[in-house]
Amino acid sequence: MAYENILIETPAPGVGLVRLNRPKALNALNSALTREVFEALEAFDRDDSVRCLVLTGSDKAFAAGADIKEMADTGAVTMFAGGDFTDWSRLMRIRKPLIAAVSGWALGGGCEMAMMCDMIIASETAKFGQPEITIGIMPGAGGTQRMTRAVGKALAMEICLANRHLTAEEARHYGLVNHVFPVDAYLSEAIRLAEKIAGMPGVAAQAVKEAINKAEELGLSEGLTFEKRNFYLLFGTEDKTEGMTAFVEKRPAGWKHR
Ligand code: DAK
């Protein structure tokens, strides 16, 4: 598949990397770029040799938001009708663990796209913000919801109402970001973490991701029931037999990811 706005790599065993690549527009997310991101992630999701995904931009910008020039002439009916730009739920259907490696600007839809990933590794220069109000709109891909869950109501209000940016260190403090590294190290560290996850049994990793993401949506008793279903499911996998046998025989497990 030939892409025009993204680059694809497999930088380590089991790791698929998608890099946003519209440097002149600070990786502004137009329809074409967004469609390519979803298609590439979905292709890695179907690829049995890949077990953990990394989504990144450039050192200067993860993404400065949705493409304002493209949105400028778009009316409410077109937005409501959907299409490539608005169907970001595709990102939520990726089953394999997905790490955002964020440096520089992560604004508007860029911040929302990073927050839709399962973990964020940031560079020291990362800046997270929801500046939509400065162009007459508001966050539309989860900014008011996920940011509020991460930083609490008061600070989320300031971020969305007063265009307050979060530094990488602040984002880490609030649990939005896992780790902060210097600019020359954040991507390799994200890939290192992805490689470690890719070395785990793949079905179990997907079951963990699914259950933790449910924790954000369900009440505790429903969440515990969901977790138990996935737990029981893993007792039907070859990797459960292999993992427990390997433990008893005091040898490393050879995962089948089945
Ligand atoms: N869109 C289009 N072009 C952009 C852009 C953007 N968001 N951000 C930057 N660019 C372009 C600039 O126009 C400029 O292009 P030229 O003029 O050179 O052709 C180039 O990138 C460099 O930008 P600057 O010259 O502005 O660079 P500075 O370093 O001075 O400033 C900045 C960097 C990031 C502070 C500034 O560019 C900026 O404020 N950008 C806009 C940030 C913003 O407002 N983002 C939020 C957009 S609204 C949804 C999904 C997504 C969304 C909503 C719904 N659904 C699924 C329903 C998302 C909405 C948004 O993100």
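Throughout, residue positions are numbered sequentially from 1 according to the sequence presented. Since this is a predicted model, take the numbers as computed values, not measurements.
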Which atom pairs, donor and acceptor, lie under 3.5 Å between side-chain atoms of residues 200-212 and protein residues at least two apart or in another chain?
{"unit_1": "Q206", "atom_1": "OE1", "unit_2": "R95", "atom_2": "NE", "d": "3.3"}
{"unit_1": "K209", "atom_1": "NZ", "unit_2": "I94", "atom_2": "O", "d": "2.9"}
{"unit_1": "K209", "atom_1": "NZ", "unit_2": "K96", "atom_2": "O", "d": "2.9"}
{"unit_1": "K209", "atom_1": "NZ", "unit_2": "D118", "atom_2": "OD2", "d": "2.8"}
{"unit_1": "E210", "atom_1": "OE1", "unit_2": "N230", "atom_2": "ND2", "d": "3.1"}

Set of residues satisfying side-chain contact (heavy atoms from CB on, under 4.5 Å) with respect to [X], sequence neighbours excluded:
X	answer
N178	M119, I121
A171	F128, L166, L176, V177
T241	T245

Pair [X] + [Y], salt bridge at N-O below 4.0 Å:
X	Y	answer
E195	R192	no
R22	D67	yes
E158	R164	yes

Inset, instruction - Give a yes or no on whether the backbone of S103 and the side-chain of S123 come within a donor-acceptor separation of less than 3.5 Å. - result: no
Legend entry - Check: T10 side chain, G16 main-chain N or O, donor-acceptor pair, under 3.5 Å: no
What pairs of donor and acceptor atoms, side-chain ones from residues 134-151 against any protein atom, are under 3.5 angstrom apart with sequence neighbours left out?
{"unit_1": "T134", "atom_1": "OG1", "unit_2": "P131", "atom_2": "O", "d": "2.6"}
{"unit_1": "T148", "atom_1": "OG1", "unit_2": "T144", "atom_2": "O", "d": "2.3"}

Legend entry - Note, H179 side chain near R172 side chain (heavy atom, < 4.5 Å): no
Inset, instruction - Evaluate the side-chain proximity of L33 to I6: yes if any heavy-atom separation is below 4.5 Å, no if none is. - result: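 A side-chain contact under 4.5 Å exists here.
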Legend entry - Approximate separation, where rounding is to 0.5 Å, of N30 CG and N5 CG: 5.5 Å
Legend entry - Worked verdict on C117 versus L55 for side chain to side chain contact (heavy atoms under 4.5 Å, CB included): CA-CA 8 Å; C117 297; L55 179 62; 4.1 Å; yes
Inset, instruction - Could you list the residues that satisfy salt bridge (charged side-chain N to carboxylate O under 4.0 Å, His left out) with E222, not counting sequence neighbours? - result: none
Legend entry - Whether over 12 other heavy atoms sit under 6.0 Å from E249 CD: yes
Inset, instruction - Could you go through the side chain to side chain donor-acceptor pair (under 3.5 Å) check for Y186 and D59 one step at a time? - result: CA-CA 9 Å; Y186 76 98; D59 292 349; 2.9 Å; yes
Inset, instruction - Kindly indicate, with the supporting measurements, whether the criterion side chain to side chain contact (heavy atoms under 4.5 Å, CB included) is fulfilled by F44 and I8. - result: CA-CA 10 Å; F44 277 138; I8 300 298; 3.4 Å; yes
